[in-house]
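These notes concern the structure reproduced below.
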2 protein chains.
Amino acid sequence: MISRVESAAATRRSLLDAAAALLNEGGPEAVTLREVGSRAGVSRGAPYRHFHDKDDLLAAIAAEAWDRLADEAVALSADPARPAHDKLRDMLSGMLTIGREKPHLYRLMHRAPAAEEMLRAAARSQDPFLTVLSDLVGPDRAHHYGALLLTSVHGILGMEASGQLSREKWRTDADEILETLLGALPAG
Amino acid sequence: MISRVESAAATRRSLLDAAAALLNEGGPEAVTLREVGSRAGVSRGAPYRHFHDKDDLLAAIAAEAWDRLADEAVALSADPARPAHDKLRDMLSGMLTIGREKPHLYRLMHRAPAAEEMLRAAARSQDPFLTVLSDLVGPDRAHHYGALLLTSVHGILGMEASGQLSREKWRTDADEILETLLGALPAG
DNA sequence: GCATTTCAGATGACAATGTCAACTCTTACG
DNA sequence: CGTAAGAGTTGACATTGTCATCTGAAATGC
């Protein structure tokens with residue numbers, strides 16, 4: 001038998017899933033509370049029992065995405081057999097994959113102004129990244145190069161998405177740029 | 001006496017200015033065609049005589065912003081007295097300035113999917129940038145490093161805007177990251 | 001076991017907004 | 001001078017976010 005709180009939690013989950021699916025399929029303008037409710041099997045007003053408003057729902061989706069990324073990064077960094085350099089590459093390409101396969105979600109994860117909860121989840125996903133970098137370039141330089149790498153990946157994805165990183169104009173591509181950066185890392 | 005086409009052109013200008021002002025003041029959601037028309041002294045339907053729809057108006061604003069940036073870059077690169085290294089720094093900090101002082105406009109300039117006209121204007125603004133880089137690192141490597149620098153600046157601005165580039169977390173900031181990149185440029 | 005409270009959900013209503021169709025009126029043009 | 005063109009206005013409509021109100025079932029207190 002399902003209790004009331006269980007049912008409410010299930011509804012909340014359905015709302016989040018429906019909204020995330022709509023976002024991936026049709027972008028931000030496809031996410032309407034009416035359609036979200038409809039797909040989740042509830043009415044248009046039901047989301048207000050679980051989220052303060054539409055922005056709050058979107059922020060929750062972004063926070064969950066950061067949480068998943070954090071979990072992946074933690075799992076990656078925990079593998080003792082894998083070399084640090086490979087872990088770093090995996091983390092960066094994980095970010096590239098999200099940006100390319102779910103561009104709308106990726107943009108939502110970098111929304112300004114960011115929600116507090118989302119920022120915390122994002123920061124958590126960056127901790128294992130810093131740990132791996134520490135192993136590579138030493139703890140002193142880890143933050144510096146971490147910021148450099150993360151901002152670069154973010155910039156690559158942004159310009160790629162807006163079509164400003166065309167191969168014919170720049171005679172290079174995302175992977176090549178990233179290789180240059182990784183190759184320039186000082187050995188720790 | 002003002003002709004009809006002159007008056008229409010003036011209205012179009014007023015609409016663009018009003019929309020750009022609203023964007024800077026209150027972000028994208030503050031740009032409503034009704035308020036744009038009102039500030040331009042016309043009715044809510046008038047914009048449709050000059051732009052296909054709201055998106056078209058926004059795309060025109062973005063294209064104009066890229067055009068202005070292109071003009072500045074051309075003027076900068078034309079100065080024969082200024083060292084190439086300083087020109088490069090000026091161009092990059094010009095981009096940083098726009099991103100910080102007019103974040104909503106900056107985001108609009110990197111919208112996905114981008115309008116064709118806007119992409120052309122953006123590409124035009126990058127030509128003098130490539131010229132300066134050619135002087136610095138040679139024509140062969142100009143494109144590669146140009147893409148690296150531009151994507152980095154874009155990424156820095158994006159993460160700064162969403163609050164993910166806090167000094168206490170990364171123990172560095174935008175200017176320091178940029179200095180690192182500029183310092184890593186091979187001498188041409 | 002029953003009365004009461006709580007709360008998820010449904011529904012009606014409303015204002016804001018993008019957009020279109022119909023209309024007006026000034027201006028350019030034959 | 002008459003006619004066409006087109007800038008601008010206005011009425012209308014669908015969509016959407018949001019709130020107030022209502023409903024019904026589950027949890028809680030006695």
Side-chain angles (χ1 to χ4, degrees), chain A residues 1-62 104 107-108 111-113 115 118, chain B residues 1-62 104 107-108 111-113 115 118:
Chain A
M1 195 48 75
I2 53 171
S3 74
R4 184 164 63 162
V5 297
E6 282 167 346
S7 150
T11 299
R12 186 188 145 93
R13 185 95 297 276
S14 298
L15 289 169
L16 285 168
D17 293 342
L22 283 168
L23 180 68
N24 285 334
E25 293 165 17
E29 59 269 22
V31 184
T32 71
L33 288 185
R34 280 163 168 83
E35 184 64 20
V36 168
S38 171
R39 290 212 186 183
V42 292
S43 74
R44 70 190 189 274
Y48 289 93
R49 291 288 140 193
H50 302 272
F51 306 95
H52 182 259
D53 56 12
K54 186 182 179 179
D55 250 24
D56 190 34
L57 167 62
L58 292 174
I61 292 175
H104 302 299
R107 269 177 119 78
L108 183 61
R111 211 181 204 200
M118 201 209 73
Chain B
M1 194 50 71
I2 53 173
S3 75
R4 184 165 60 163
V5 296
E6 283 167 345
S7 149
T11 299
R12 186 188 145 94
R13 187 94 297 275
S14 298
L15 288 170
L16 285 168
D17 292 343
L22 283 169
L23 180 67
N24 286 334
E25 293 165 17
E29 58 270 23
V31 183
T32 72
L33 288 184
R34 281 162 166 85
E35 184 64 21
V36 168
S38 172
R39 289 213 187 183
V42 292
S43 75
R44 69 187 189 276
Y48 288 93
R49 291 289 140 191
H50 302 273
F51 305 95
H52 182 258
D53 56 11
K54 187 182 179 180
D55 250 24
D56 189 35
L57 167 61
L58 292 175
I61 292 176
H104 301 299
R107 271 177 117 81
L108 183 62
R111 215 183 200 199
M118 200 209 73

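Every chain is numbered from 1 and lettered A, B, ... according to where its sequence line falls, protein lines coming before strand lines.
- Rounded to whole Å, atom P of C:dA8 lies 12 Å from atom CZ of A:F51.
- Residues from residues 36-43 of chain B placing a heavy atom under 4.0 Å of any atom in DNA chain D, listed by number, are B:V42, B:S43.
- Qualifying side chain to side chain contact (heavy atoms under 4.5 Å, CB included) partners for A:A10, counting only residues two or more places apart in sequence or in other chains: none.
- Nucleic acid contact class of A:A46 (heavy atoms, under 4.0 Å, all strands): sugar-phosphate only.
- Residue B:T11 places at least one side-chain N or O closer than 4.0 Å to OP1 or OP2 of D:dG8.
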Pairs of donor and acceptor atoms involving the side chains of residues 43-51 of chain B, under 3.5 Å and at least two apart or interchain, shall be tabulated with distances.
residue, atom, partner, partner atom, Å
B:S43, OG, B:G45, N, 3.4

Nucleotides 14-20 of chain D: protein proximity per nucleotide (B base, S sugar-phosphate only, - neither; heavy atom, under 4.0 Å): --BBB--
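- Residues passing the side chain to side chain contact (heavy atoms under 4.5 Å, CB included) test with B:A59, sequence neighbours excluded: B:A115.
- The two residues B:I61 and B:L16 have their closest heavy-atom pair at CG1-CD2, 3.8 Å.
- Using a 4.0 Å cut-off on heavy atoms, none of the residues of residues 12-26 of chain B approach DNA chain D.
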Nucleotides 23-25 of chain C: which of its N/O atoms have a protein N/O under 3.5 Å away?
none

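- The side chain of A:H50 places no N or O atom within less than 4.0 Å of a non-bridging phosphate oxygen (OP1 or OP2) of C:dC7.
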Got a list of side-chain donor-acceptor pairs under 3.5 Å for residues 17-33 of chain A, not counting sequence neighbours?
residue, atom, partner, partner atom, Å
A:D17, OD1, A:R13, NH1, 2.7
A:N24, ND2, A:A20, O, 3.4
A:E25, OE1, A:R39, NH1, 3.3
A:E25, OE1, A:R39, NH2, 3.1
A:E25, OE2, A:R39, NH1, 3.3
A:T32, OG1, A:E35, N, 3.1

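- With sequence neighbours excluded, the residues forming a side-chain hydrogen bond (donor to acceptor under 3.5 Å, both in side chains) with B:R111 are B:D55, listed by chain and number.
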